[in-house]
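Here the structure is a predicted model, which means the values were calculated and not measured. Chain naming here is simple, since letters A, B, ... match the order of the sequence lines and numbering starts at 1 in each.
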Amino acid sequence: MKAGKLGQRSQELLYVSLSKALSSATSSRQLHKVHSLIITSGLDQSVFFSGKLISKYAQFKNPVGSLSVFRRVSPANSVYQWNSIIRALTHNGLFSDALKFYSQMRNLELKQDTYTFPSVINACAGLSDLEMGVLPACGDLVAVEGQIVHGLVEKMGIKKDVIVSNGLLSMYFKFNRLTDCKLIFSEMVVRDTVSWNTVICGYSQSGLFEESIKLFLEMVDNFEPDLLTIGSVLRACGQIGDLELGKYVHDYMIRNGYECDTTASNILINMYAKCGNLLASREVFDRIRFKDLVSWNSLISGYIQNECFEEAMKLLSKMKADLRADSVTYVMLLSMSGQLARIHHGKEVHCDIIKMGFDSSLVVGNALIDMYAKCGKLEDSLKQFENMRDRDIVTWNSIITACVHSEDYNQGFRMTSRMRIEGMMPDLPTMLATLPMCSFLAAKRQGKEIHSCIFKLGIQSDVPVGNALIEMYSKCGSLKHSLLVFEQMKMKDVVTWTALISAYGMYGEGKKALRAFEEMEATGIAPDHIAFVAIIFACSHSGLVDEGQAYFDHMKKKYKIEPRIEHYACVVDLLSRSGLLAEAEEFILSMPLKPDASLWGTLLSGCRASGNVKVAERASQHIIELNSDNTGYYVLVSNVYAALGKWDKVRMIRKSLRNKGLKKDPGCSWMEIRNKVYVFGTGDRFFEQYEEVNRLLEILAGLMAKEGYVADLQFALHDVEEDEKRDLLCGHSERLAIAFGLLNTKPGTPLQVMKNLRVCGDCHTVTKYISKIVQRELLVRDANRFHLFKDGTCSCGDYW
DNA sequence: CTAGGGTTAG
């Protein structure tokens, strides 16, 4: 009896001391020691110690240890043990394993409790992030598991448990199911700081900054925000540039003693920099007692974002005196080189990166691709891309963007197909990078594919995506689809409206563009300087001279937007296309900014329609004096002298182009027939069906002559005899394309032809005749607009 | 005995 009591007493003592030892273990070595003691005492299979050991191993990032303890108690019969193993696995990122254990637990018909769900929910959420991209089926599975969990939570009546609800909230945020979040949050009976933080962070991370700020303001009435809340809301302030609220939060921090927190101060630096208030950033920085690398990087990045590059460099050298730059610092420096397009600076940074051994970093590698592209060195971007061992989605998006930046669309499309072959899932930025390629090439088929991909990704309601789609469809010859996308967009910004106005402008729908502009103003969206470029261009493409000029004044007076060179160019285009050349020239000479080559070039193009050689010659003189590098203008100038028969001047210009190492963009046209793209260059003789195409053009020439057509030889721009000039005109690439299209499609089928340069006046006339003779709709897109030829007329009303 | 939110520089 006595011995028994003593035994029980010592057993209790052992229990307590082992439990204490286990709790206070601070290293895995200590843990192993205590574990051995527990085993020798024969207590390792007890519910209490096994559960505690499982959790303890998880704490030291040793899920294998947790598992081996769990296996020794199998079949486990206590909820505590199951909870522990599920939590241990989730804690270590082994989400799918955690869910497998959860399924087993469900099969055992053990009663789950409020401790089970938070871990399970976390596992669901974690898996969605990591594996859904690669394994869509797995993602579905998790979605189902998430629903089961939610259902069980409701059935068990533990919906009111704050921790469980918070877990559900966080899971749905990770699935980006915002409506569910809203519902759960509104139904929560009890909310604590964590609940508020979950929704505020969640909205901020989903990019819904206004929503996040609104919730924060609601929260402060009842709860004390902590550092997490403050961090999230400051991020939101920075993103939308809400300086006022940012200052309010800063005051709150000062009042509540968060001011000396380094992390919080770093966020403040970032917020002020994003709001453009570098002085405030600097003040916060100077007050930080313990500046860490992030503090320095944040301030330097602030200076770079606000284009104060010299300040940034000064700070950098100061920083280097007591801290070593890390990969983030180098990424920022690369971004600076890119912004400045200074390849020498970029290469120096690249050398430093190699020296410091940061060249193996994925983020740095991606930044290098971007830097080289922005410096116009696509070759170096490609080299960097090929040299990279690991590539993530950003790598692919960067190289595609690089190709787009250098206008190498074929390379760009090659990259997108390589990306598909290598199994990389495209994302939203991929869509934003590829859509402009389709726009430029008028590749409608690829554009449509991307559109369906956008639906599959579920990002069709994203505003920039919608904007890019509007542009793509309008440039691919489908105004109808553009309008459809526009109508379906729930949220619209100034870019959306501008895309619509430009679309109308390209199709010569000036009146509709004007109406769209008014509608935009009526919905309370203020036009920016680009919207004005779009509307004035739309006017000039439709011959709405008075309206265009009115908008130019409207911009200055009502919106206080100072006209830039491109606005002046629009007005010059507007006047000269309508034959008001004297007014256009006068306008250039009276403008407050120094006219550059683009203005004279615009005037010169405008001269083509009316053939005013005097103005053309004066404009040419200005262009030559300005010594621009744009070949397009020199082609125009040389055309003027060719038309005047001043061949010595033509030769002089050609020679100076050669000396500068510049080459004229060759004119080319292309069209899509049955999913295949056919390209034609000016005067091409080596393509399929060359003979047939030529014969058809001859037949058409005969028929046109009967209708009264006479070739306008001022557009044949070579120093050759008259009849040879006629031949050269016939060789213009758009004619080859049209003839080829006529031969290879059924009668009556509308044709769509793209051209990289502007259509010449003679081709414009010829196309009108052809549309009448063959009774077909011919849609021609040139450098900046569409011409729909139908029964002898053109939609542009000859304002080409 | 076990549970929930994670913020800053790119």
What nucleic acid atoms does A:Asn83 come within less than 4.0 Å of, heavy atoms only: base, sugar-phosphate, or nothing?
base
Relative to each other, are the rings of A:Tyr203 and A:Phe173 parallel, tilted or perpendicular (30° and 60° limits)?
perpendicular
For a quick check of understanding: with a heavy-atom distance under 4.0 Å over all strands, which category does A:Val162 fall into, base, sugar-phosphate or nothing?
base
By a strict heavy-atom criterion of less than 4.0 Å, which residues belonging to residues 292-306 of chain A are in contact with DNA chain B?
A:Val294, A:Asn297, A:Ser298, A:Ser301, A:Gln305
Let's go through A:Ser301 and A:Asn297 carefully: what are the C-alpha distance in whole Å and the side-chain angles of both, what is the deciding distance for side-chain contact (heavy atoms from CB on, under 4.5 Å) to 0.1 Å, and is it a yes or a no?
CA-CA 6 Å; A:Ser301 141; A:Asn297 281 345; 5.9 Å; no
Would you say A:Arg87 places a side-chain N or O within less than 4.0 Å of OP1 or OP2 belonging to B:dT2?
no
Between side-chain atoms of residues 98-105 of chain A and protein atoms elsewhere (two or more places apart, or another chain), which donor-acceptor pairs fall under 3.5 Å?
from	atom 1	to	atom 2	distance (Å)
A:Tyr102	OH	A:Gln112	OE1	2.9
A:Ser103	OG	A:Leu99	O	3.2

Does a salt bridge link A:Lys160 with A:Glu187, judged by any charged N lying under 4.0 Å from a carboxylate O?
no
Under 4.0 Å from OP1 or OP2 of B:dT8: is there any side-chain N or O of A:Asn270 that close?
no
Non-hydrogen atoms of A:Ala88 and A:Ser66 that approach each other most closely:
CB-OG, 3.7 Å
Residues touching DNA chain B, which here means a heavy atom under 4.0 Å, drawn from residues 31-51 of chain A
A:Phe48
Residues at least two apart in sequence or cross-chain that pass ring pair (Phe, Tyr, Trp, His ring centres under 6.0 Å) with A:His35, listed by chain then number, are A:Tyr57
Pair listing, ring pair (Phe, Tyr, Trp, His ring centres under 6.0 Å) test, anchored in residues 294-333 of chain A, at least two apart
A:Phe285-A:Trp296, A:Tyr330-A:Phe358
Residues pairing under side-chain hydrogen bond (donor to acceptor under 3.5 Å, both in side chains) where one sits in residues 241-253 of chain A, two or more places apart or in two chains, turn out to be A:His250-A:Tyr272
From A:Thr90 atom OG1 to A:Asn122 atom CG, the distance as rounded to the nearest 0.5 Å
6.5 Å
Round to a whole Å and report the spacing from CZ of A:Phe290 to C1' of B:dT8.
18 Å
Which of residues 228-264 of chain A have a heavy atom under 4.0 Å from DNA chain B?
A:Leu228, A:Arg235, A:Thr263
A:Thr193 near the nucleic acid: base, sugar-phosphate alone, or nothing, with a heavy-atom cut-off under 4.0 Å?
base
Send over the distance from A:Ile267 CD1 to B:dG6 P, rounded to a whole Å.
14 Å
Near-strand residues of residues 53-73 of chain A, defined as heavy-atom separation under 4.0 angstrom from DNA chain B
none
How about A:Trp82 and A:Tyr115: are their ring centres within less than 6.0 Å of each other?
no
Listed partners of A:His91 passing ring pair (Phe, Tyr, Trp, His ring centres under 6.0 Å), at least two apart
none
Regarding A:Lys377 and A:Asp380, does a basic nitrogen lie under 4.0 Å from an acidic carboxylate oxygen?
no
My understanding is that only residues two or more places apart in sequence, or in another chain, count here; which of them pass side-chain contact (heavy atoms from CB on, under 4.5 Å) with A:Ile300?
A:Ile304, A:Ala312, A:Leu315, A:Leu316, A:Met319, A:Met332
May I have the distance from A:His150 (atom NE2) to B:dG4 (atom P), rounded to whole angstrom?
19 Å
Side chains of residues 162-170 of chain A: which donor-acceptor pairs under 3.5 Å do they make with residues two or more places apart or in other chains?
from	atom 1	to	atom 2	distance (Å)
A:Ser165	OG	A:Lys159	O	2.7
A:Ser165	OG	A:Asp161	O	3.1
A:Asn166	OD1	A:Ser195	OG	2.8
A:Asn166	ND2	A:Val162	O	3.3
A:Asn166	ND2	A:Asp192	OD1	3.4

Ring centroid separation A:Phe385 to A:Trp396 under 6.0 Å:
yes
Using the side-chain contact (heavy atoms from CB on, under 4.5 Å) rule, take A:Leu334 and A:Asp370 through it: C-alpha gap first, then chi angles, then the decisive distance, then the call.
CA-CA 8 Å; A:Leu334 288 173; A:Asp370 188 63; over 6 Å; no
Atom pair distance, as rounded to whole Å: CG in A:Asn266 and P in B:dG10
12 Å
Near DNA chain B, which residues from residues 312-338 of chain A have a heavy atom under 4.0 Å away?
A:Asp326, A:Val328, A:Val331, A:Met332
Within the structure shown, what part of the strands sits under 4.0 Å from A:Gln205 by heavy-atom distance: base, sugar-phosphate, or nothing?
sugar-phosphate
If you check every side-chain atom of A:Asn122, which of B:dT7, B:dG4, B:dG6 has the closest atom?
B:dG4
Calculate the interatomic distance between A:Tyr115 atom OH and B:dA3 atom P; express it in whole Å.
9 Å
